[in-house]
Amino acid sequence: MKIDSQTFESLLEQYQQRAKQALNHWLPPESINPVVLHKAMRYSVLAPGKRVRPALIYATASTLEVDLQSVDGAAAAIEIIHAYSLIHDDLPAMDDDDLRRGRPTCHIEFDEATAILAGDALQALAFYILSHDPDMISDSSARLKMVQQLALFSGSRGMAGGQAIDLAAVGKPLNITELETMHIHKTGALIRTCVQMAALSAKNLSEEKFNALDCYAKAIGLSFQVQDDILDVTGNTETLGKPQGSDIKHNKPTYPSIIGLQASREKAQELHEKALQSLTIFGEEADILRYISAWFVERTH
Ligand code: GRG
């Protein structure tokens with residue numbers, strides 16, 4: 001589908017809305033026991049996030065002419081994993097942050113034990129959805145690959161591993177290659193998983209197209225984090241919905257702290273161009289993915 005920026009904005013809103021409905025469907029209601037745990041899970045997941053990862057799943061599905069209903073489960077699962085990681089990241093033992101998505105963090109609104117449990121329960125829920133959702137692709141080998149991919153890339157060889165590198169790096173000088181390795185794991189792995197899960201939902205996708213999409217996902221996974229590092233310096237707390245300057249406060253290595261702000265902006269642009277180049281095998285049906293890449297490097301929150 002050929003799209004312009006207005007259509008992109010409207011599609012993004014539709015995707016965000018769709019993700020909210022899927023999340024609402026899969027999260028246990030607050031009325032059932034244990035009430036406080038379910039309240040905490042819903043509080044964090046349904047807080048106003050950008051829903052970047054579900055949007056990326058829907059956009060990839062739309063590029064590949066995959067029915068969006070068949071990726072609702074994957075969209076909910078990935079956002080739920082993301083929400084768990086934010087809850088745990090904000091804990092006193094990690095970043096010790098009080099503000100997330102413009103609201104008190106889970107451990108501030110509830111308590112530390114509830115926040116830990118909410119993260120644990122959300123992680124389990126994501127895998128329940130992937131293995132259980134009747135609307136997802138019925139091919140069992142594709143489903144199994146999705147479970148494996150999410151497990152691998154959210155675990156110690158993906159997001160959790162990246163977080164471990166991050167915690168070990170506080171106050172220590174990292175070079176740009178080490179920083180990139182950390183970001184590829186902490187942020188990039190989950191973004192790559194979004195595109196892979198949507199691609200696995202397509203029947204008869206060529207290996208060439210699968211690899212092109214993976215290449216695109218790797219580039220935007222990193223550009224998203226470079227822009228995040230830039231916004232920690234140039235953004236403001238109200239727009240970001242989380243404390244601006246948090247990386248500096250925690251003495252964390254970032255792109256601007258290692259290569260400077262201007263070179264960081266150039267790096268983000270370079271990655272955007274690389275993402276576009278990866279998509280040359282596709283026609284205008286991939287325009288939505290091209291807009292997503294631009295959004296990642298132009299966003300203000
Ligand atoms: C605790 C296992 C574990 C992992 C934590 C996600 C994470 C790893 C840490 C959060 C801190 C951080 C800067 C992570 C990089 C990924 C990132 C930019 C998260 C914020 O994602 P957005 O901008 O947030 O999509 P919203 O709130 O819009 O969903």
Side-chain angles (χ1 to χ4, degrees), residues 12 15-16 19-20 23 43-57 75-76 78-97 99-103 105-107 112 115-116 118-120 122-123 126 150-170 179-194 220-233 235 237 239-250 252-257 268 292 295-301:
L12 200 55
Y15 293 161
Q16 287 160 338
K20 196 172 159 193
L23 291 165
Y43 172 84
S44 290
V45 176
L46 298 175
K50 296 183 288 300
R51 313 294 180 217
V52 163
R53 294 153 191 83
L56 189 53
I57 293 188
I78 203 94
E79 185 66 14
I80 281 172
I81 289 281
H82 170 58
Y84 121 69
S85 79
L86 297 179
I87 295 173
H88 281 191
D89 181 67
D90 290 331
L91 285 167
M94 297 212 199
D95 273 7
D96 194 12
D97 277 321
L99 189 69
R100 171 69 66 185
R101 294 176 164 175
R103 297 180 180 179
T105 46
C106 192
H107 66 276
E112 257 185 70
I116 293 169
D120 293 341
L122 287 171
Q123 181 169 199
L150 188 62
L152 188 69
F153 275 11
S154 61
S156 63
R157 281 181 282 169
M159 181 184 73
Q163 179 77 347
I165 301 173
D166 185 339
L167 293 173
V170 174
L179 179 78
E180 202 153 292
T181 302
M182 175 178 94
H183 285 345
I184 285 170
H185 288 81
K186 193 172 83 165
T187 313
L190 222 52
I191 287 180
R192 213 173 141 199
T193 306
C194 295
I220 65 164
L222 192 53
S223 75
F224 185 81
Q225 184 60 57
V226 176
Q227 184 64 11
D228 213 71
D229 284 2
I230 293 171
L231 288 175
D232 190 69
V233 180
T237 300
T239 316
L240 293 175
K242 61 182 181 181
Q244 181 268 335
S246 172
D247 294 336
I248 299 167
K249 184 180 136 201
H250 292 108
K252 284 196 173 179
T254 61
Y255 270 87
S257 73
I292 287 202
W295 173 42
F296 275 19
V297 297
E298 285 161 15
R299 67 196 175 92
T300 53
H301 66 287

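The model shown is predicted, which means the values in this text are computed figures rather than measured ones. Ligands are counted one by one from 1 in listed order, and the atoms in each one are counted from 1 as well.
Counting heavy atoms closer than 4.0 Å to ligand 1, residue K186 contributes side-chain atoms (C-beta onward) but none from N, CA, C or O. At a heavy-atom cutoff of 4.0 Å, ligand 1 is contacted by the side chain of Y84 but not by its backbone. Contacts between R101 and ligand 1 below 4.0 angstrom, taking non-hydrogen atoms only, involve the side chain exclusively. By the criterion of a heavy-atom distance under 4.0 Å, the side chain of Q225, and not its backbone, is placed next to ligand 1.
Checked against a 3.5 angstrom limit, the closest N/O atoms of H82 and ligand 1 fall inside it. The N/O atoms of Q163, backbone and side chain alike, include none that comes under 3.5 Å of an N/O atom in ligand 1. By the 3.5 Å distance cut-off applied to N or O atoms, K50 is counted among the residues near ligand 1.
Side-chain contact check for Q225 versus I191: every heavy-atom pair is 4.5 Å or farther apart. Side-chain contact between Y255 and I230 is absent, with no heavy-atom pair separated by less than 4.5 Å. Residues I165 and H183 have side chains not in contact (no heavy-atom distance under 4.5 Å, counting atoms from C-beta outward). Side-chain contact between F153 and I81 is absent, with no heavy-atom pair separated by less than 4.5 Å.
In terms of the ring-ring contact (aromatic ring centres under 6.0 Å, His included) criterion, residue partners of F224 (sequence neighbours excluded) are, by chain and number, F296.
In terms of protein heavy atoms, atom 13 (C) of ligand 1 is closest to D228 OD2, 3.7 Å. Nearest protein heavy-atom contact of atom 25 (O) of ligand 1 is R53 NH1, 2.7 Å. Protein heavy atom closest to atom 7 (C) of ligand 1, with residue, atom name and distance, is S85 OG, 4.0 Å. With respect to atom 11 (C) of ligand 1, the closest heavy atom belonging to the protein is D89 OD2, 3.3 Å. Here the protein heavy atom with the shortest distance to atom 16 (C) of ligand 1 is T187 OG1, 3.4 Å.
Ligand-side atoms of ligand 1 in range of F224: 18 (C), 22 (P), 23 (O), 25 (O), range being under 4.0 angstrom from any heavy atom. The ligand atoms of ligand 1 that sit less than 4.0 angstrom from a heavy atom of H88 are 1 (C). Atoms of ligand 1 found under 4.0 Å from any heavy atom of G49 (numbered from 1 in listed order, with element): 27 (O), 28 (O).
Applying the side-chain hydrogen bond (donor to acceptor under 3.5 Å, both in side chains) test to every pair with at least one member in residues 152-169, sequence neighbours left out, gives these pairs: D89-Q163, D166-K186, D166-K252.
Q16 contributes a side-chain N or O that, together with a main-chain N or O of K50, makes up a donor-acceptor pair within less than 3.5 Å. When atom types are taken as modelled, the side chain of R103 and the backbone of S44 share no donor-acceptor pair closer than 3.5 angstrom. Without hydrogens or angle criteria, T105 side chain to D97 main chain gives a donor-acceptor distance under 3.5 Å.
The two residues A55 and I292 come nearest to each other via the heavy atoms O-CD1, 4.0 Å.
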